Amino acid sequence: MNKELKAGIIYLIIGLLISINPWFWFFTWPLIIFGTFKIWKSKSNLKLRLIWTFVPFIFWIPLVIAFIELYMENKSY
(Lines give C-alpha, C1' and ligand atoms only; values in the text may rest on other atoms or scores of the structure.)
Protein backbone atom coordinates (compact mmCIF):
# COMPACT_ATOMS: atom_id res chain seq x y z
CA MET A 1 0.00 0.00 0.00
CA ASN A 2 1.32 3.40 -0.90
CA LYS A 3 1.09 6.58 1.19
CA GLU A 4 -1.81 8.12 -0.73
CA LEU A 5 -3.94 5.01 -0.28
CA LYS A 6 -3.15 4.84 3.45
CA ALA A 7 -3.94 8.53 3.92
CA GLY A 8 -7.20 8.19 1.99
CA ILE A 9 -8.24 5.19 4.06
CA ILE A 10 -7.50 7.05 7.29
CA TYR A 11 -9.47 10.13 6.19
CA LEU A 12 -12.37 7.99 5.01
CA ILE A 13 -12.58 5.92 8.19
CA ILE A 14 -12.30 8.95 10.50
CA GLY A 15 -14.93 10.80 8.51
CA LEU A 16 -17.32 7.87 8.51
CA LEU A 17 -16.86 7.16 12.22
CA ILE A 18 -17.55 10.78 13.12
CA SER A 19 -20.54 10.92 10.76
CA ILE A 20 -22.32 8.08 12.57
CA ASN A 21 -23.88 10.90 14.56
CA PRO A 22 -26.28 12.63 12.12
CA TRP A 23 -25.55 16.04 13.66
CA PHE A 24 -22.02 15.93 12.22
CA TRP A 25 -22.88 14.95 8.62
CA PHE A 26 -22.40 18.47 7.29
CA PHE A 27 -18.92 18.73 8.81
CA THR A 28 -17.66 15.30 7.77
CA TRP A 29 -18.59 15.28 4.08
CA PRO A 30 -15.46 17.22 3.05
CA LEU A 31 -13.31 14.72 4.94
CA ILE A 32 -15.07 11.76 3.30
CA ILE A 33 -14.82 13.30 -0.17
CA PHE A 34 -11.13 14.11 0.36
CA GLY A 35 -10.42 10.56 1.57
CA THR A 36 -12.23 9.07 -1.41
CA PHE A 37 -10.32 11.38 -3.75
CA LYS A 38 -7.01 10.31 -2.19
CA ILE A 39 -7.94 6.63 -2.60
CA TRP A 40 -8.79 7.09 -6.28
CA LYS A 41 -5.67 9.18 -6.87
CA SER A 42 -3.44 6.39 -5.52
CA LYS A 43 -1.73 4.00 -7.88
CA SER A 44 -3.31 0.84 -6.44
CA ASN A 45 -5.39 -1.55 -8.51
CA LEU A 46 -9.03 -0.93 -9.33
CA LYS A 47 -10.37 -3.74 -7.13
CA LEU A 48 -8.67 -2.34 -4.02
CA ARG A 49 -9.91 1.18 -4.76
CA LEU A 50 -13.48 -0.05 -5.24
CA ILE A 51 -13.37 -2.07 -2.02
CA TRP A 52 -12.07 0.86 0.04
CA THR A 53 -14.64 3.18 -1.52
CA PHE A 54 -17.80 1.13 -1.00
CA VAL A 55 -17.23 -1.18 1.99
CA PRO A 56 -17.02 1.63 4.60
CA PHE A 57 -20.35 3.00 3.37
CA ILE A 58 -21.93 -0.45 3.61
CA PHE A 59 -20.82 -0.66 7.27
CA TRP A 60 -21.83 2.96 7.88
CA ILE A 61 -25.54 2.42 7.15
CA PRO A 62 -26.21 -0.11 9.97
CA LEU A 63 -24.06 1.93 12.36
CA VAL A 64 -26.16 5.04 11.73
CA ILE A 65 -29.38 3.06 12.16
CA ALA A 66 -28.07 1.58 15.44
CA PHE A 67 -27.01 5.04 16.67
CA ILE A 68 -30.41 6.53 15.91
CA GLU A 69 -32.22 3.61 17.56
CA LEU A 70 -30.08 3.85 20.69
CA TYR A 71 -30.36 7.63 20.81
CA MET A 72 -34.13 7.60 20.44
CA GLU A 73 -34.48 4.77 22.97
CA ASN A 74 -32.46 6.59 25.64
CA LYS A 75 -33.87 10.03 24.93
CA SER A 76 -36.06 11.31 27.74
CA TYR A 77 -39.11 13.33 26.82
Side-chain angles (χ1 to χ4, degrees):
M1 257 196 280
N2 57 18
K3 288 184 179 184
E4 279 190 340
L5 182 63
K6 286 181 184 178
I9 291 169
I10 291 170
Y11 286 131
L12 186 65
I13 290 174
I14 290 172
L16 289 174
L17 287 176
I18 294 171
S19 69
I20 290 173
N21 185 343
W23 296 105
F24 296 124
W25 285 351
F26 179 74
F27 302 109
T28 57
W29 277 109
L31 194 62
I32 293 169
I33 291 171
F34 183 70
T36 305
F37 175 74
K38 292 284 275 185
I39 289 172
W40 280 94
K41 193 177 172 200
S42 70
K43 297 198 184 318
S44 60
N45 61 3
L46 180 64
K47 183 179 177 182
L48 191 61
R49 287 186 283 179
L50 285 172
I51 288 172
W52 277 110
T53 300
F54 292 113
V55 169
F57 291 107
I58 292 170
F59 286 120
W60 177 76
I61 293 169
L63 289 172
V64 169
I65 292 170
F67 177 84
I68 291 172
E69 288 293 324
L70 290 172
Y71 175 75
M72 296 307 281
E73 180 179 306
N74 295 325
K75 187 175 180 182
S76 61
Y77 293 99

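As the structure is a prediction and not an experimental result, all values here were calculated from the model. Along the sequence shown, residues are numbered consecutively beginning with 1.
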Begin from the C-alpha positions of Val64 and Trp25 and carry the test side chain to side chain contact (heavy atoms under 4.5 Å, CB included) through to its verdict. CA-CA 11 Å; Val64 169; Trp25 285 351; 3.9 Å; yes
Working for side chain to side chain contact (heavy atoms under 4.5 Å, CB included), residues Phe59 and Leu17: CA-CA 10 Å; Phe59 286 120; Leu17 287 176; over 6 Å; no
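Summarising the geometry of Ser44 relative to Asn2, their closest heavy-atom pair is N-ND2, 4.4 Å, with the distance given to 0.1 Å. The two residues Lys41 and Glu4 come nearest to each other via the heavy atoms O-OE1, 3.2 Å. Pairing each heavy atom of Lys38 with each of Ala7, the nearest pair is CE-CB, 4.1 Å.
Under the 4.5 Å side-chain heavy-atom criterion for ILVMFWY residues, a single connected hydrophobic cluster contains both Ile61 and Leu16. Residues Val55 and Ile9 do not share a hydrophobic cluster, clusters being chains of Ile/Leu/Val/Met/Phe/Trp/Tyr side chains in contact below 4.5 Å.
Taking CG of Leu70 as the reference point, atom CD1 of Ile65 lies at 12.0 Å (rounded to 0.5 Å). Here the straight-line distance linking atom CG of Leu50 with atom CG of Asn45 works out to 9.0 Å at 0.5 Å rounding. Taken to the nearest 0.5 Å, the CG atom of Leu5 stands 5.5 Å off from the CG atom of Leu48.
In this structure, Phe34 belongs to a hydrophobic cluster whose other members, linked by side-chain heavy atoms under 4.5 Å apart, are Ile10, Tyr11, Ile14, Ile18, Phe24, Phe26, Phe27, Leu31.
Using bins of under 30°, 30° to 60° and over 60° for the plane-to-plane angle, the ring pair Phe57/Trp29 lands in the parallel bin.
Under the 3.5 Å distance criterion, the side-chain polar atoms of Arg49 are matched with a main-chain donor or acceptor of Trp40.
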